[in-house]
Number of protein chains: 2
Amino acid sequence: MTTIYDIAVAAKVSTATVSRVINTPELVSEKTRAKVEEAIEKLHYAPNALARELVTKSTNLIGLLIPDIANSFSPAVVDSFVGEMERNGYNIFVSITDADPEKENKCIDIMLKKRVEGIVLLGTRRMDRLANERIGILARRIPIVAIDYMPGAEGVCCVRCDEILGAFYATEYLIQLGHKRIALLNGNEEYTTYYYKRKGYRQAMEKYGLPVREEYCIATTPYFRGGYEACMQLLSLPEPPTAMFISGDQMAVGAYNAILSSGLKIPDDMSVVGFSGSPLSKAVYPPLSTVSQYARETGSAAAGIMLQKLRGEETKERVVFQPTLVKRASCGPAKQ
Amino acid sequence: MTTIYDIAVAAKVSTATVSRVINTPELVSEKTRAKVEEAIEKLHYAPNALARELVTKSTNLIGLLIPDIANSFSPAVVDSFVGEMERNGYNIFVSITDADPEKENKCIDIMLKKRVEGIVLLGTRRMDRLANERIGILARRIPIVAIDYMPGAEGVCCVRCDEILGAFYATEYLIQLGHKRIALLNGNEEYTTYYYKRKGYRQAMEKYGLPVREEYCIATTPYFRGGYEACMQLLSLPEPPTAMFISGDQMAVGAYNAILSSGLKIPDDMSVVGFSGSPLSKAVYPPLSTVSQYARETGSAAAGIMLQKLRGEETKERVVFQPTLVKRASCGPAKQ
DNA sequence: CTGTTAGCGCATTCAG
DNA sequence: CTGAATGCGCTAACAG
């Protein structure tokens, strides 16, 4: 590996001069600059960022923790976040944690050692306030932005969608269409997203005086298969629901499959509202009503806040996107 | 930021001893180890990886270049690749290149400066041999694994699916069902994936003596919307196709929408085969026949090869997965 | 078992 | 405009 010293020798200058043509070329005379650049070219010199960062104490590195990359929300957030950070000269160090707090902790340790200048936590977390304590403490030393809720670490800046409200809108919409038997097809309610979605669902049901029937509330894995299986279960009930609010677009598509392959029609026999507003929701047939979560906007908002923090500017404590209910053909009035 | 020196002072030992309790604790006496560990704990010491790596010349960093994270293939590959590398003690430095060769080049420069120990290039590339020349040269200095084809850089290890064969299978299947008017709904054919898919399609058509009709071959954006629009265009033809091979599952779902919302039935009025084998293909209704691309296996194969290279072991020049045609309800016999 | 010393590759004073 | 010298935080001989 060629070093700054090799270049200095080849160009017959000091290492300081080489350093200058790289970092402050305007301070170097035309002639020596040319000499040095030639040597750099010839020897394929790539300055060792480790050494550089050791002295400048600036890594331009941001850590990104992703609990789950396979859902319909993460990729879009990651894309917009990474793009925005890169455009501003930062680089990204990622880790996929499978939503495992222990793994997350280890990753954070590594990131701290690598001297990342900020950490972004993407996606839902356990409703475990204690587990988040460390994050809260860490946030006093290094910029941290959480995408989604962060119970128990009040100092951490959160960028998220108001999921209670989103779930409320979705459920209310179904109620207003005349449905009374409305199912909630949810994910694991120990996680923030699903906890809050249940809350919104419940609020809507209660507001309109409808009973929350336990057999209508199912928590399953938030992917296609989970949606399919849970929906099958609902359809086999003696008195099946006439509508369902489903906590994720992937689950909703799985439910579509269950409904359609049971010979039922959407929305005639079953109304469906999803959650996420991913491109998928618009793509399926019939197009899926969904609560739009603004994934890309969330990613760039997180980047914006992170950049502010890195510059030492004051930032908002929290950015909450108001979800929008996108009404599409998957919902219809309740039959009499 | 506390340093090894601070710990040494606090524990009243030398920095060498601190270094030992961190790296080779078995060489330190129980007593001093306890002292040092206490100091580390108390001062929240996290060894500076930059300094460490500068002297050990080992970063455990792998660069991962992702051209497009939004398709149905990348997330699964990334997940399995990253998981496998992390399990083996490596960390990941990512960048999203939007398939822009210039951006890719800049990213590689940064990665080289950061002293990554290997680089993985994910996903399709332009059919531009010259653009890949640099990769080929680089591969002589540092382990490089390309996921997908890599024309023009023969030294680079490639992990990919035989897309020609996959497209051939898909098309042949439709032909054997009696279809003669078979469309190809493809992506931009300047990119390897779509170039080779067209090739496989053509080979099948020619083998069975069917004409390749230009108006049946459309190149569009490989997402839902592209599939929808291209399919609409095909349906409006005076003599529309009776079957289509679609180069990606997302496009296929977009096409589903176009077909179903035009009042046609799948597979009665239109047979469809997709490509990717993503969970999505199984989830939609009717379940989509597709060419399975083994995303997760591809990711872990790439990791496996990278790990071998990092250990200095000999590796295969190329790993080619034989795609499998998964027959589902989206295809039926051609009507007379 | 522990301390001393010498760099790793670079940026940054401070002279000249 | 350029060079010599110093140190960033750490590991790795080498002594003791």
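In what follows, every heavy atom counts, from backbone to side chain, and hydrogens, waters and symmetry copies are set aside. Letters go in sequence order (proteins before strands), and every chain restarts at 1. What you see is a predicted model, and the numbers here were worked out from it, not measured in a lab.
Between A:K106 and A:D100, none of the side-chain N atoms (NZ, or NE/NH1/NH2) sits under 4.0 Å from a carboxylate O, so this pair counts as no salt bridge. Between B:E38 and B:K35 there is no salt bridge, since no side-chain N of the basic residue sits under 4.0 Å from a carboxylate O of the acidic one. Contact check on B:E154 versus B:R129 returns a salt bridge, with a Lys/Arg side-chain nitrogen under 4.0 Å from an Asp/Glu carboxylate oxygen.
Considering only side-chain N and O atoms, B:Y5 lies nowhere under 4.0 angstrom from the phosphate OP1 or OP2 of D:dG7. Regarding contacts with the backbone of D:dC10, every side-chain N or O of B:N48 stays at 4.0 angstrom or more from both OP1 and OP2. Between B:T15 and D:dT11 there is no side-chain N or O to OP1 or OP2 distance below 4.0 Å. A sub-4.0 Å separation between OP1 or OP2 of C:dT12 and a side-chain N or O of A:S19 is absent. Contact check, B:T17 against C:dG3: a side-chain N or O comes under 4.0 Å of OP1 or OP2. Residue A:T56 places no side-chain N or O under 4.0 Å from the OP1 or OP2 atom of D:dC8.
Going from atom CG of A:L50 over to atom P of C:dC8 covers 15 Å, rounded to whole Å. Rounded to an integer number of Å, the gap from B:L27 CG to C:dT2 C1' is 11 Å. To the nearest angstrom, P of D:dG9 lies 10 Å from CE of B:M1. Atom CD1 in A:I4 sits about 13 Å away from atom P in C:dC8, given to the nearest Å. One interatomic measurement links the two molecules: CG of B:L112 to C1' of C:dG9, which rounds to 16 Å at whole-angstrom precision. When the P atom of D:dC10 is taken as reference, atom CD of A:E53 falls 15 Å away, rounded to whole Å. Taking atom CD of residue B:E26 and atom P of nucleotide C:dT2, one finds them 13 Å apart after rounding to whole Å. A:Y45 has its OH atom 7 Å from the C1' atom of C:dC10, to the nearest Å.
When each of B:K57 and B:V28 is assigned the nucleotide of DNA chain C bearing its nearest heavy atom, the one mapping closer to the 5' terminus is B:V28.
Using a 4.0 Å heavy-atom criterion, one finds that B:V18 contacts no nucleic acid atom at all. Among the protein residues, A:T3 comes within range of the sugar-phosphate backbone only, with heavy atoms under 4.0 Å from sugar or phosphate atoms but none that close to a base.
Within 3.5 Å, a donor on the side chain of A:R20 pairs with an acceptor on the base of D:dG3, or the reverse.
The OG1 atom of B:T124 lies 11.5 Å from the CZ atom of B:R160; values are rounded to the nearest 0.5 Å.
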Hey, mind stepping through B:K316 and B:Q308 against side-chain contact (heavy atoms from CB on, under 4.5 Å) and telling me if it holds? CA-CA 10 Å; B:K316 288 182 214 155; B:Q308 287 185 341; over 6 Å; no

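Residue A:L54 has its side chain nearest to C:dG9 when only D:dC1, D:dG3, C:dG9 are considered. Checking C:dG3, D:dT11, D:dA4 against the side-chain heavy atoms of A:S14 singles out D:dA4 as nearest.
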